[in-house]
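Order of the sequence lines fixes the chain letters, A, B, ..., with proteins taken first and strands second; residue numbering starts at 1 for each chain.
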2 protein chains.
Amino acid sequence: MLMPEIDPPLSPRGRKRDPDRDIAILEATIDLLAEVGYDGLSTAKVADRALAGKGTMYRRWPTKTDLVLDAVAHMKAQQIDLEALPDTGSLRGDLLALFQPSDSAQLDRTSRAMAGVVSMISQMPGLAETGDYSIFAPWIAANTILMERAAKRGEIPAAADIALAAQIIPSMAAYRALILRVAIEKDLLVRLVDQIVLPALHESTAHPSRR
Amino acid sequence: MLMPEIDPPLSPRGRKRDPDRDIAILEATIDLLAEVGYDGLSTAKVADRALAGKGTMYRRWPTKTDLVLDAVAHMKAQQIDLEALPDTGSLRGDLLALFQPSDSAQLDRTSRAMAGVVSMISQMPGLAETGDYSIFAPWIAANTILMERAAKRGEIPAAADIALAAQIIPSMAAYRALILRVAIEKDLLVRLVDQIVLPALHESTAHPSRR
DNA sequence: CCAATTCGATACTGGAAGGTATCGGAACAA
DNA sequence: TTGTTCCGATACCTTCCAGTATCGAATTGG
């Protein structure tokens, strides 16, 4: 009978793959992505920075695109943990605390890498639909959760447009990172929370001019 | 005496340059920038689409980067005219009218071209500082003017954080165009104006939780 | 008419980069 | 020990592309 073994690799005899090489290559990819963008990133430079051979890379990722996408996924995994969100008792405290843990330098590197990914999307029609690449999506999700908790507490009206309000800070961060290419400062975050997001949520009653 | 003529080109004898070629090339550049991004854009493809020879391009722009930057400037010139902003009497009407004139298709092309520019910035350290490339900057300026006019009318308190509020809609547009790659719909704009921007401006009194 | 310049088209050059192949050495299983 | 796989390194191939050069035709001023 044909196909005697569907899963033949039962005896991996030779040397084993070093998992450290994976993360070294992925980290080098993120670094370069943040520095020179997707097209400026060459596989040779990645291998160079990771102190790896190109063969080691291509044994794991068949193409440059696969490598970058996996690097972005690896970066996302290091981001916000939706299971362990801040819980300070007030929505204001929660939103401000959401930024605190990750030092701004880390956030800056992440943002710049994201800018590199944008260029990749431009050349890959169909990739945008998946949305798997976006760093900002989990952050919007975190904002949503915090706001829904506040609504359940009665801190903000149930009629508030949380879906929209949760996008304000992330979209502003995206704008600054991608276009302005400046890090988001603590001061700006406080202004966003106190003068934009919280007023919008509280005064969620429609506000058509004055009527 | 040396330097007899500082501006010698007083007798341009031969055939004259056709100004139509300039705009044809710039338009083709914007189109391709929106379709394939900066790195996916080749000078050969631009010349091809513009029905021009490469020599005609390089006679005008010494390098690909110069061409793209000029194309972006040309695109910006077709955008909002800060001298002829809407004046409906209410800030709400003005903000909503700011979007109306430009059909969404045009806005979509502009946004996608902007996404292509982002990739260029990633590879050109120092270009981000100039800010000359950003399509969104004039739009923020327009928002600022409309809001300042409303403040002068007494429609919104003078203490409102206009500088910040003016960035909300443009940054959201940038996020959707660059990351989500979807056009901004009229419905979303109305929600942004009524439930975020206007409440933020009216209730500009600090809102720290509840204190 | 004539010289100068522009036009579109095309061939060419030099370099950069994705991906493959190979090599000597190391780790690991039988 | 031996065969297999992984490792870093490097040479190599192929494709793509920015930028240049050239050609014949068209336009324009002298």
Side-chain angles (χ1 to χ4, degrees), chain A residues 5 7-29 32-33 35-71 116 119-120 122-124 127, chain B residues 5 7-29 32-33 35-71 116 119-120 122-124 127:
Chain A
E5 308 172 34
D7 204 15
L10 282 172
S11 58
R13 252 195 300 182
R15 177 175 176 175
K16 290 174 178 169
R17 288 196 186 175
D18 185 355
D20 292 347
R21 306 324 295 138
D22 291 59
I23 63 167
I25 294 172
L26 291 176
E27 290 289 335
T29 303
L32 283 171
L33 196 60
E35 291 176 16
V36 295
Y38 175 75
D39 299 274
L41 178 152
S42 71
T43 57
K45 274 189 275 191
V46 172
D48 214 34
R49 183 169 302 208
L51 300 176
K54 289 178 67 176
T56 305
M57 289 176 45
Y58 277 95
R59 189 177 294 115
R60 290 161 166 77
W61 299 278
T63 190
K64 174 182 168 180
T65 305
D66 293 292
L67 168 63
V68 173
L69 286 177
D70 209 18
S119 62
M120 178 172 56
S122 301
Q123 296 174 51
M124 316 264 188
L127 186 61
Chain B
E5 308 173 35
D7 203 15
L10 282 173
S11 59
R13 251 195 302 181
R15 179 175 175 174
K16 288 177 177 168
R17 288 196 187 177
D18 185 355
D20 291 348
R21 306 324 296 135
D22 292 60
I23 64 167
I25 294 172
L26 291 175
E27 290 289 335
T29 303
L32 284 171
L33 195 60
E35 290 175 17
V36 296
Y38 175 75
D39 298 273
L41 179 152
S42 72
T43 58
K45 274 188 277 191
V46 172
D48 215 33
R49 180 168 303 208
L51 300 177
K54 291 178 65 176
T56 305
M57 290 176 44
Y58 278 95
R59 190 176 296 115
R60 289 161 167 76
W61 298 277
T63 191
K64 174 182 168 180
T65 305
D66 293 293
L67 169 63
V68 173
L69 287 178
D70 209 19
S119 63
M120 178 172 56
S122 300
Q123 296 174 49
M124 315 264 188
L127 188 60

(message) Can you see if the side chain of R60(B) gets near the phosphate of dC7(C) - specifically, an N or O under 4.0 Å from OP1 or OP2?
(response) yes

(message) Quick one, W61(A) and V68(A) - any side-chain contact, counting heavy atoms below 4.5 Å?
(response) no

(request) Would you mind telling me which residue lines up with the more 5' stretch of DNA chain D, K64(B) or K16(B), judged by nearest nucleotide? (result) K64(B)

(message) Distance criterion of 3.5 Å, no angle test: do you see the side chain of K54(B) paired donor-to-acceptor with the base of dG8(C)?
(response) no

(message) What is the distance, to the nearest angstrom, from the CG atom on D18(B) to the P atom on dT27(D)?
(response) 11 Å

(message) Rounded to whole Å, please give me the gap between NZ in K45(A) and P in dG19(C).
(response) 15 Å

(request) Could you say whether D48(B) or G14(B) is positioned toward the 5' end of DNA chain C, judged by the nucleotide with the nearest heavy atom to each? (result) G14(B)

(request) Calculate the interatomic distance between D39(A) atom CG and dC17(D) atom C1'; express it in whole Å. (result) 13 Å

(request) Could you check how far CE of M57(B) sits from C1' of dA18(D), rounded to whole Å? (result) 10 Å

(request) For the residue pair Y58(A) and T63(A), confirm or rule out a side-chain donor-acceptor distance under 3.5 Å. (result) no

(request) State whether R21(A) places a side-chain N or O below 4.0 Å from either non-bridging phosphate oxygen (OP1 or OP2) of dG8(D). (result) yes

(request) Ignoring hydrogens and angles, tell me if any N or O in the side chain of K54(A) forms a donor-acceptor pair with the backbone of D48(A) under 3.5 Å. (result) no

(message) Check this one for me: any side-chain N or O of T63(A) less than 4.0 Å away from OP1 or OP2 of dG19(C)?
(response) yes

(request) Send over the distance from Y38(B) OH to dC17(D) P, rounded to a whole Å. (result) 13 Å

(message) If you assign G55(B) and R15(B) each to the DNA chain D nucleotide with the nearest heavy atom, which residue ends up on the more 5' nucleotide?
(response) G55(B)

(message) Can you tell whether the side chains of R49(B) and E35(B) come within less than 4.0 Å, N to carboxylate O?
(response) yes

(request) Starting at atom CG of D22(B), determine the distance to atom P of dG8(C), rounded to an integer number of angstrom. (result) 11 Å

(request) Calculate the interatomic distance between Y58(B) atom OH and dT5(C) atom C1'; express it in whole Å. (result) 21 Å

(request) Using atom CG of D20(B) as one end and atom P of dG8(C) as the other, report the distance to the nearest whole Å. (result) 11 Å

(message) Could you check whether any side-chain heavy atom of M57(A) comes within less than 4.5 Å of a side-chain heavy atom of R21(A), counting everything from C-beta outward?
(response) no

(request) Remember a base hit wins even if backbone is also touched, and classify L67(A) as base, sugar-phosphate or nothing at under 4.0 Å, heavy atoms. (result) nothing

(message) Check this one for me: any side-chain N or O of R17(A) less than 4.0 Å away from OP1 or OP2 of dA26(C)?
(response) no

